[in-house]
Each structure stands twice: as C-alpha cells, then as structure tokens.
Amino acid sequence: MADYGKKYQVIVVGAGHAGCEAALAAARMGCHVLLLTMGLDTVAMMSCNPAIGGLAKGHLVHEVDALGGEMALNIDATAIQFRRLNTRKGPAVRATRAQADRMAYSARMKRVLEAEPLLDLKQGVVVSVETIAGRAVGVKTREGVDFYGGAVVLTTGTFMRGLIHVGLNNYSGGRAGEPASLGLSDCLRDLGFTVGRLKTGTPARLAGRSIDFSKLERQDGDTNIRPFSFLSGTPEIEQAPCHIAYTNAATHDIIRSSLDRSPLYSGVIEGVGPRYCPSIEDKVVRFPERNAHQTFLEPEGRCSDEVYPSGMSTSLPPDVQLLFYRSMVGLESVEIMRPGYAIEYDFVEPTQIRPTLEAREISGLYHAGQINGTSGYEEAAAQGLLAGINAALQATDRAPITIGRDQAYIGVMVDDLVTQPTLEPYRMFTSRSEYRLLLREDNADQRLTELGRSVGLVSDQRWQVYQEKMEGILRGGARLAEQKIKPSDRETTASLGLDGLRNGVSFEDVLRRPEIGIGQLVELDGDLAKLAPAVLEQLEISTKYEGYIQRQLEQVARFRELEQVKIPGTLDFATVEGLSNEVREKLIEVQPETLGQAGRIQGVTPAALAVLNIHLRKKR
C-alpha cells in the first residue's frame with residue numbers, strides 16, 4: 001500500500017446525500033477534507049425517487065438548511081415542481097415536497113463540492129478503516145492508496161456487500177449499473193461491530209413517450225411556490241406536471257400469479273425491507289381487499305424521457321413487470337427503460353454509536369445514512385451533517401454537539417437509532433416526535449441556526465437573514481399587542497365579523513379567533529404589511545397556538561430534568577441492584593448517556609428507571 005502523502009483532518013467515505021453534507025460541513029468549518037466516492041459521476045445520485053421532502057422528511061431538509069447544510073439550496077435550484085402538503089391541517093404536519101431534475105441535482109451538488117476550497121473530491125473504493133489503539137486514523141482503498149486523517153465518516157449507502165435481485169436472478173451491485181463495496185463489512189466486523197442485513201427496492205423506469213397521459217389524472221405544482229431554504233427567494237421555474245395512475249384487478253392477478261418468481265416470496269431475499277414503503281407485490285398480498293393502488297408518475301428531469309412510478313417498487317422479473325404495467329389504464333403500450341429491482345446490503349447496528357454519531361468503541365469513526373439502518377435521502381443528509389460537524393469538532397479539539405428530541409427531528413431520529421434495535425429500515429414520521437408542534441418546518445431556523453453559528457457552519461449571509469427575521473417577529477409581536485380595534489370602527493368590525501363588539505380589542509386577541517387570518521390584519525395596518533411573509537406566518541402560528549405551544553414547552557421542561565441526569569461512562573450496570581437481567585442487558589448494550597435516554601430503551605420499565613435514578617443519586 002502507498003501512503004498518499006497528504007494528511008486530512010476529516011475523511012468522508014461515500015458521496016451520497018450523507019457524504020456530501022458531511023464533507024461540506026467539515027470543510028466549511030475550516031477542516032481539510034477528503035471525500036472518497038466509488039464514482040465521480042454519481043455524486044448525490046437519486047437512486048430511487050426523484051424528489052426531496054414530504055411529510056417529516058421536509059422538516060429534516062429545513063433543519064439541514066437551518067444548520068448551514070446544502071440539500072435545501074440544491075433542490076431549490078434544480079426542482080421542476082413544488083407542492084405543499086397537508087395545507088388544510090395544523091402547522092405541525094404541513095410539509096414541503098419538490099420533484100427534482102435528477103441529473104441536474106447531482107451535477108449541481110458535484111459543482112458545489114468541487115468549488116469548496118478545503119475539500120478534495122476523489123474516486124476510490126475503500127476496503128478497510130485503519131485504526132491505532134482504538135482510534136480511526138485513515139482508510140485503505142482497493143486501488144492501493146492509503147489516506148490518513150484525524151477522523152473518518154462512513155456513509156456507505158446500499159453498497160456494502162450489495163446484492164441486487166431481479167426475479168430469481170441476482171448479482172453483486174451497490175445499485176443498478178454500479179459495483180458493490182466488498183471488504184469493508186468484514187473490516188467492521190473485525191473491529192467488533194455487529195453487522196446486519198437490510199433490503200430496499202426501486203420501481204422500473206418508464207419511457208414517457210410510451211405513456212398516454214391523456215387518460216391519466218394530471219397533478220400540477222403549487223402556484224404559490226414555497227422553497228426549502230431560508231435563503232432562497234421564490235424560484236422562477238416552469239413546473240412540470242405529474243400524473244396519477246392506478247393498478248386494477250388485472251394488475252393484481254398478474255402479480256399474484258407470478259409470486260413464485262419473486263425473490264421476496266420464494267425465500268431468496270434474507271434482508272428485512274421497509275414496512276412503510278412496501279413493494280407492489282407486498283401491497284397486493286397484504287391488502288387483498290384493495291381493488292386498486294395509486295401511483296404518481298413523476299418525471300425524472302427536463303432532459304430525460306424517464307418516468308418514475310412512485311409506490312411501485314418491485315423485484316419481479318422484467319417480463320412480469322412489463323405485463324402488470326401494461327394492464328394499467330394509460331400504460332397499455334408502455335416501455336420499460338430500466339427494470340425495478342430489490343437490493344440487500346449490510347448495515348451496522350446503530351445502538352453501537354453515540355448521539356454524536358461517533359462509534360462507542362472506535363474513537364474518531366462516525367457513521368451516517370443507510371449504514372445506520374435508515375432509508376431516505378433526507379434522513380441520510382441530516383445524519384451526514386451531524387457526523388460532519390462532530391468529526392470537524394473532534395479534528396480541531398473542540399467538544400462535540402448533540403441535538404435533543406426537543407430541538408429537532410434530527411434529534412428524534414438519532415435518539416431513536418441509538419436507543420432502539422433496528423428491525424427494519426428507519427424512516428422519519430412526524431408521529432415519532434412528542435413535540436411536533438414545536439418542531440415545525442417554518443421555525444427550523446429559530447431552533448437550529450444559532451447552534452450552527454456556534455460551531456462555525458452558518459455563513460454571515462445566513463446569520464443576517466436569520467437576525468432580520470427575528471427582529472421582524474419582535475416588531476410584529478409588539479404591533480399585534482398594541483394595535484386596537486374599537487367598537488366605533490364599524491367598517492373594520494364588519495369586515496372581520498366583529499359586529500356587536502362592546503370594548504376595544506387588540507389585533508393579538510382578534511388573531512386568536514379561528515376564522516380570522518393574519519392576512520386580514522395586514523390589510524388594516526401598514527406596519528404589518530412591511531413584514532416578510534415568513535415573519536407573518538410565525539406571528540400567526542405563535543398567536544393561534546399559544547396555549548398548545550406553552551403546554552409542549554412545559555413537557556419539554558419535564559423531559560429535560562431526566563436528560564440532565566448524566567450516566568457516567570464508567571458505570572457498570574451489572575452492579576446496579578434491583579434491575580432485572582433483561583434490563584441490565586439492554587443498558588449494557590446501548591450504554592445510555594442520560595437517564596432520559598435510558599428510559600427510551602425498549603424494555604427499560606419506569607420501575608427500572610426509578611431504581612437506576614436512586615443508584616445515581618447515591619453515587620453523587
């Protein structure tokens with residue numbers, strides 16, 4: 001092996017969504033960074049659906065942006081359609097989703113990486129992590145070159161021992177058309193990690209010119225576009241439409257009659273798949289009462305004829321895929337450009353890492369993305385950002401950061417990963433958070449931008465935009481409290497439905513009424529009209545939901561009491577009297593850092609938590 005001769009402070013393995021965020025974060029924080037990828041032409045590749053965001057996932061993208069990450073800016077610059085979801089529901093579950101130009105998204109992210117002064121982007125296949133005395137010091141590549149650095153971040157995606165299944169045929173691969181990563185799994189096992197096996201899949205890609213869109217339901221994007229990034233202005237794009245198609249009884253009959261050729265149902269696939277994103281054969285088998293399943297036909301880009309049929313992932317043979325697609329209305333003559341497939345891959349059980357995403361037993365080694373058992377671009381990017389931040393902090397001898405469940409969905413996800421066993425690919429949902437009214441898309445900057453600034457990741461431009469927003473909220477809040485509507489203002493009271501008003505009432509009190517929106521008050525007050533739309537949204541939400549928000553803040557205060565009770569790393573759980581053997585095993589396996597974290601471990605009962613709390617109090 002040959003030493004490359006240049007020592008880096010942070011080495012990132014893999015240039016998917018996690019790796020890009022990790023490398024950019026560390027470089028922007030002042031570290032010399034090496035980003036190694038198996039293929040320079042597949043940086044930030046969207047290997048599955050050509051879209052960013054959605055329920056809970058959109059929250060993660062806003063949080064990545066608030067901390068100074070790149071994903072939101074990248075999708076804003078390359079999107080071909082924007083949609084705001086759950087607009088008729090409460091603010092906690094409203095979410096942004098955008099269709100991407102798949103190739104443009106990848107190309108722009110590669111340009112951003114290449115333009116970062118302290119970042120070297122190189123092609124190479126990592127086969128092992130080099131350690132000295134329990135510390136990661138570098139990586140070895142298949143090409144025979146060693147790279148050394150102060151910290152290593154692994155973001156391996158689906159490539160570790162990847163095995164692709166198309167019907168009963170299978171072959172080694174990280175995704176269709178690309179090789180698998182071999183050797184790294186064995187290295188991690190040798191380092192003492194528990195390595196498991198998961199499965200995911202993707203649908204076929206269809207030729208757009210072979211689809212009769214006139215028979216399908218058209219779905220256009222929003223006319224009032226809301227971007228992901230707090231820095232982006234309103235994107236000026238010509239939006240591309242999606243279309244909705246449906247399976248039918250004939251489709252389901254074709255699938256049922258071909259299950260003997262499915263690797264999923266013939267026992268060929270060993271890995272566990274994502275419960276919340278089942279294959280079409282799974283849907284047909286598990287929901288026999290359903291006569292039809294919906295699919296969104298999503299364009300892959302402006303310069304591509306490929307169409308992605310969302311919700312139709314499959315590992316059935318290509319001839320069966322063609323048959324069941326052609327049984328659907330509008331797809332009678334469809335051509336398949338790339339067949340769908342399933343893929344099995346290795347992951348590392350994430351209960352072996354800390355909330356900083358650093359491995360407990362190997363100092364300086366961080367895991368992010370699908371190596372931690374998660375699914376989704378957004379989940380990967382959020383983990384990559386946190387891992388990159390902490391790798392940079394360690395490389396520069398600074399204390400790591402953690403993000404709490406009460407601060408962000410990033411914190412919810414990481415806490416879930418490090419405390420719960422991975423039984424299936426992890427996907428983020430708003431229901432996973434106890435405090436989702438506090439963790440909205442619109443206030444991600446208020447929750448996280450100051451943290452990003454404290455570690456040196458938030459730029460001056462972003463900081464100024466954030467400060468201007470906060471100043472606007474203060475001014476607007478004061479204006480709502482001081483402005484009054486008097487009974488004598490008959491025209492105003494009539495327009496707001498306040499007939500019969502006997503005493504003066506503040507704008508703030510009026511805004512609490514469910515039938516009145518802040519837009520109506522803006523029409524009455526020139527000072528409010530000067531405020532940015534993001535500021536007005538914050539004012540409306542904080543006013544209308546004040547009672548609910550206060551209740552959740554009180555819950556957070558109680559939650560933090562348990563989080564502040566630290567568990568020493570030297571504590572031997574086997575010596576704690578009064579715990580069952582099962583609880584001891586769980587605590588020893590996870591090694592929780594706080595009493596609150598211990599309470600979220602599956603199998604640790606409230607009684608066991610009380611015993612542990614008493615033990616800790618005696619040791620103080």
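Counting from 1, the numbers follow the sequence of the chain as shown.
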Do [Y] and [X] meet the salt-bridge criterion of a basic N to acidic O distance under 4.0 Å?
X      : Y      : result
Lys544 : Glu508 : no
Lys566 : Glu593 : no
Asp445 : Arg462 : no
Glu441 : Arg84  : yes

Have [X] and [Y] got a donor and an acceptor in their side chains that come within less than 3.5 Å?
X      : Y      : result
Gln538 : Gln446 : yes
Arg398 : Thr396 : yes
Gln370 : Ser375 : no
Glu563 : Thr594 : yes
Glu358 : Gln394 : yes
Ser229 : Asp65  : yes
Tyr366 : Asn390 : no

[atom1]/[X] to [atom2]/[Y] distance, rounded to the nearest 0.5 angstrom?
X      : Y      : atom1 : atom2 : value
Leu609 : Arg600 : CG    : CZ    : 10.0 Å
Tyr426 : Glu424 : OH    : CD    : 11.0 Å
Asp415 : Thr402 : CG    : OG1   : 10.0 Å
Thr430 : Arg436 : OG1   : CZ    : 4.5 Å
Glu561 : Leu595 : CD    : CG    : 11.0 Å
Ile403 : Leu448 : CD1   : CG    : 6.0 Å

For the student: nearest non-hydrogen atoms of [X] and [Y], plus distance:
X      : Y      : value
Leu385 : Gly69  : CD1-CA, 4.0 Å
Leu73  : Ser232 : CD2-OG, 3.8 Å
Val458 : Arg453 : O-NH1, 3.1 Å
Leu579 : Ala608 : CD2-O, 3.6 Å
Met71  : Glu21  : N-OE2, 2.7 Å
Ile75  : Ala98  : CG1-CB, 3.8 Å

Considering only heavy atoms from C-beta outward, does the side chain of [X] approach that of [Y] to under 4.5 Å?
X      : Y      : value
Thr419 : Pro592 : no
Glu379 : Arg427 : yes
Gln9   : Val33  : no
Leu616 : Ile567 : yes
Leu365 : Phe193 : yes
Val414 : Arg405 : no
Tyr8   : Cys31  : no
Phe429 : Leu55  : no

Chi angles and distances behind the side-chain contact (heavy atoms from CB on, under 4.5 Å) call for Met160, Phe347:
CA-CA 8 Å; Met160 286 204 304; Phe347 80 105; 5.8 Å; no

Do Tyr435 and Val556 pass the side-chain contact (heavy atoms from CB on, under 4.5 Å) test, and can you show the C-alpha distance, the side-chain angles, and the key distance before you say yes or no?
CA-CA 8 Å; Tyr435 315 112; Val556 166; 3.7 Å; yes

Is it true that, when you exclude [X] itself, more than 12 heavy atoms of the residues, nucleotides or ligands shown sit nearer than 6.0 Å to its [atom1]?
X      : atom1 : result
Gln602 : CD    : no
Tyr548 : OH    : no
Ile132 : CD1   : no
Gln467 : CD    : yes

Test Asn372 against every option in Val348, Leu154, Ile353 by the side-chain contact (heavy atoms from CB on, under 4.5 Å) rule and name the one that passes.
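Answer to the side-chain contact (heavy atoms from CB on, under 4.5 Å) test with Asn372 among Val348, Leu154, Ile353: Ile353.
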
If the plane angle is over 60° it's perpendicular, under 30° parallel, otherwise tilted; pick one for Phe230 and His62.
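The rings of Phe230 and His62 stand perpendicular, inter-plane angle above 60°.
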
Run the side-chain contact (heavy atoms from CB on, under 4.5 Å) check on Gln352 and Glu361 step by step: do they pass?
CA-CA 8 Å; Gln352 300 166 100; Glu361 303 302 326; over 6 Å; no

Does Glu540 use its side chain to pair, donor to acceptor, with the backbone of Ile518 at less than 3.5 Å?
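Indeed, once roles are kept as given, a pair shorter than 3.5 Å links the two residues.
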
Any donor-acceptor pair under 3.5 Å linking the side chain of His165 with the backbone of Gly201?
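Side chain of His165 to backbone of Gly201: no pair is present.
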
Kindly determine whether Leu571 and His615 satisfy side-chain contact (heavy atoms from CB on, under 4.5 Å), including the steps that lead there.
CA-CA 10 Å; Leu571 176 62; His615 181 86; 3.6 Å; yes

Taking the six-membered ring of Tyr545 as reference, does the NZ or CZ atom of Arg440 fall below 6.0 Å from its centre and within a 45° cone about the axis?
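No, Arg440 does not lie over the aromatic ring of Tyr545.
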
Quick one: do Glu450 and Tyr466 satisfy side-chain hydrogen bond (donor to acceptor under 3.5 Å, both in side chains)? Show the steps, please.
CA-CA 9 Å; Glu450 291 184 17; Tyr466 168 69; 3.0 Å; yes

Evaluate the criterion salt bridge (Lys or Arg N to Asp or Glu O under 4.0 Å) for residue pair Arg512 and Glu546; output intermediate values, then yes/no.
CA-CA 9 Å; Arg512 289 194 176 97; Glu546 182 181 13; 2.7 Å; yes

Kindly determine whether Glu537 and Arg226 satisfy salt bridge (Lys or Arg N to Asp or Glu O under 4.0 Å), including the steps that lead there.
CA-CA 12 Å; Glu537 181 182 35; Arg226 180 191 179 110; 3.1 Å; yes

